[in-house]
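Proteins come first, then strands; the chains are lettered A, B, ... in the order of their sequence lines, and each starts at number 1.
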Amino acid sequence: METQRISFGLFFRHFLILIILIVFLFPIYWMITTSFKSSEDILTRPPKFVFEPTLDNYRFAFEEADFTKFIRNTIIVAGLSTILVVTFGSIASYSFARWNPGDGHIMFFILTTRMMPAIAVIMPFFLIFRDLGKTDIGNRFYLGLDQPGALVVAYTVFNLPFAIWLMHSFFQDIPMELEDSARLDGYSRLQVFFRVVLPLAAPGIAVTAIFSLLFAWNEFLFAFVLTRDDARTITVGVSSFQTQQGILWGPLTAAAVVCVVPMLVVALFLQRYMVRGLTFGAVRG
Amino acid sequence: MSTNSAVYQADSDLKQTARAAPKKQLISDTVYSVLLIAPALVLILFFALIPLGYAINVSFRFADLTSPRGVDNYVGLENYHFVLNDDFFWEAAQRTLFFAVIAVAVEMIAGVAIAFLLHEMRWFKGITRSLIILPLAASPVAVGLIWRNMYHPDFGVYNYLVSLLGISEQNWLGDPDLAMYSVIIFDVWQWTPFVILITLAGLQALPKEPFEAAQLDGASTWRVLRTLTFPMLTPVLTLVFVLRTIDAIRLYDAVFSLTSGGPGTTTEVLTYYLYRTGLRFFRMDRASAMALLFLYVTVVFTGLVMRRFMRNIAARTRQMAS
């Protein structure tokens, strides 16, 4: 075959890919190096590629701007909403894959709610949580404005449709015969789900969980509108370095690194499943 | 031979009897299946229908949260009338369309081309694929702010890099003629990897036989692409196109962090205008009317293009269940 031969074309192709890779990775490289520059080194002309690294920006972000709190909030909110999404999403998705209640219409309705632009529902969400915060239940579950519960609920609602569609393809891959023979062996429907189906769908559930985490971690608009200070998350924290007096580039870049790098690591491990996750389970990578 | 088939016969008889007379169940399969979807559905319905109902209600009222009247009397279709005659609204809609068409076109062409290049790679394929998808995982707001620094007219790295290429320095985000293109470049950086990744998966899933046959027949590369590769890739490319378009129309984070809609209103897309009307000027009535129009267009678009895709999945389920 032609592609088997080592030729000039083959080398040229790899060289081209290398250039493309550099273009795509350069902003990430620039972000990471800038975060270690002193504030003088950031504002130079021409920009410095070689410099004396310092941790001042990180020190500022964590000591002056209370970035620890933002990270803690993000972990709580993203973690809890992921648990809820996986719990409710997996049983619903299994039901759709096995019995298809509503003959596709309910599942399609669920998908359309995911297509809603967040900005179109953000104002009613704001008012719902403002009112929930004044009730007893709302107080008990921290569902008011600037409380983590409100974000947990918002992210759960927004990620559920995605989770149901993604897991659907994994549940469909499990042969029906396995379930049937488990039933013949005397398992109840619940036992079939927990002992036969769930272990086999474990990769799908893991992928869904990690994607829910990724979305919640990177989400900005809900966090921006529904929180003010106590429940503020990491993305809003990064943008808060744009102050009235100007942009604090050093601390902002350090904060951006703290926000972005963990998710880059997640993506590297998730690589195998990215395709399936990004297409709602429609394309198998 | 005959004993074997007799055993199979007996076995399938046994299975059939078992199926015909299942153990006594308190609830039927139908009720069980509905119970399983209930928690998710209740949550989604509650948080989809209440905001919808609220928005519909407010869109027919006067609602200015900065005035003492607050949410006030019904005004009929006045808000819709206002929005549909609002020049800012139509300009924002035009900008949204412009952004979506250019960004998605560039991403599709570049993404498919790079995917073909990657597919034919012999060394470092796995690591390249892992590295090239990294922009996808980065929070758009956080990296958007980094790009804002890189675009800076005085000490930004991009002006330095283009000056090395002999191009004059630009005011990337401050020049009204250039700002929208700078936002598009950012979006292309973040989302081309998505097109690459999915197209590559589609390419790798192609069956080998037709291509080997075409090679034996001595078909030209172009002919193979036109008659085999692209037709077989169409479903995957359609899905990528639809998902990218939906996301491009909803663009918000990048505009927020890069330009805040400026300079002037040159990068103010619909979502950003909506945000400004509702959460900066607190005209909830007009914002709600706008949000509903926007929602209607997106859902109709999604409905039209995703329906076929959804039907396929439903058909597969039915096939398996029978």
For a quick test of reading the model, state the closest non-hydrogen atom pair linking [X] to [Y] and the distance between them.
X	Y	answer
B:Ile146	A:Ala256	CD1-CB, 3.8 Å
A:Val260	B:Ser139	CG2-N, 4.2 Å
B:Ala137	A:Asn218	O-ND2, 2.9 Å

Fill in: Row check, B:Tyr160 ring normal vs A:Arg45 NZ/CZ: under 6.0 Å, within 45°
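Judged by the rule (NZ or CZ under 6.0 Å from the ring centre, within 45° of its axis), A:Arg45 is not positioned above B:Tyr160.
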
Worksheet item: Would B:Ile27 and A:Arg189 satisfy side-chain contact (heavy atoms from CB on, under 4.5 Å), going step by step from the backbone distance to the final call?
Response: CA-CA 11 Å; B:Ile27 49 173; A:Arg189 275 180 303 211; 3.4 Å; yes

Worksheet entry | Validation row: A:Trp99, B:Ile37 side chains within 4.5 angstrom (heavy atoms) |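 Sidechains of B:Ile37 and A:Trp99: no contact.
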
Discussion item. Are the side chains of A:Ser239 and B:Phe256 in contact, using a 4.5 Å heavy-atom criterion?
Written reply: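 SC-SC contact between B:Phe256 and A:Ser239 confirmed.
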
Fill in: Electrostatic pair A:Arg98-B:Asp29, nearest N-O below 4.0 angstrom
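No.
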
Practice prompt. Test B:Phe155 against A:Thr44 for side-chain contact (heavy atoms from CB on, under 4.5 Å), laying out the working first.
Written response: CA-CA 6 Å; B:Phe155 51 82; A:Thr44 60; 5.9 Å; no

Contacting region of [X] [heavy-atom separation from chain A under 4.5 Å]:
X	value
B:Val188	backbone
B:Met121	both
B:Val141	side chain
B:Leu41	side chain
B:Phe294	side chain
B:Leu251	neither
B:Leu43	both
B:Ala138	both
B:Tyr272	neither
B:Tyr275	both
B:Leu200	neither

Fill in: Under 3.5 Å donor-acceptor, B:Trp189 side chain and A:Phe24 backbone
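Indeed, once roles are kept as given, a pair shorter than 3.5 Å links the two residues.
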
Worksheet item: Is the side chain of A:His14 donor-acceptor paired with the backbone N or O of B:Arg122 at a distance under 3.5 Å, no angle test?
Response: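 Present.
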
Discussion item. side-chain contact (heavy atoms from CB on, under 4.5 Å), that's the test. Do A:Phe88 and B:Val42 meet it? Break it down for me.
Written reply: CA-CA 10 Å; A:Phe88 294 149; B:Val42 166; over 6 Å; no

Worksheet item: ring-ring contact (aromatic ring centres under 6.0 Å, His included) with B:Tyr151: which residues, sequence neighbours excluded?
Response: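 Partners of B:Tyr151 under the ring-ring contact (aromatic ring centres under 6.0 Å, His included) test: B:Trp147, B:Tyr158, B:Trp172.
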
Item to complete: Test ring pair (Phe, Tyr, Trp, His ring centres under 6.0 Å) on B:Trp123 and A:Phe11 and set out the steps.
Response: CA-CA 10 Å; B:Trp123 306 293; A:Phe11 280 108; 5.6 Å; yes

Most contacts with chain A, counted as non-hydrogen pairs under 4.5 angstrom, among [options]:
options	value
B:Ile132, B:Val242, B:Leu35, B:Thr298	B:Ile132
B:Leu279, B:Leu134, B:Asn149, B:Leu197	B:Asn149
B:Pro51, B:Ala291, B:Ala142	B:Pro51
B:Leu131, B:Ile246, B:Thr192	B:Leu131
B:Ile44, B:Thr271, B:Leu117, B:Val157	B:Val157
B:Arg148, B:Met290, B:Gln190	B:Arg148

Under 4.5 Å from any heavy atom of chain B - which part of [X]:
X	result
A:Phe126	neither
A:Ser93	neither
A:Ile247	side chain
A:Phe241	neither
A:Leu127	side chain
A:Val23	backbone
A:Leu84	neither

Discussion item. Below 30° counts as parallel, above 60° as perpendicular, anything between as tilted: where do the rings of B:His152 and A:Trp249 land?
Written reply: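 It falls in the perpendicular class, over 60°.
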
Worksheet item: Taking it one step at a time, do B:Phe47 and A:Phe158 satisfy side-chain contact (heavy atoms from CB on, under 4.5 Å)?
Response: CA-CA 9 Å; B:Phe47 282 95; A:Phe158 251 66; over 6 Å; no

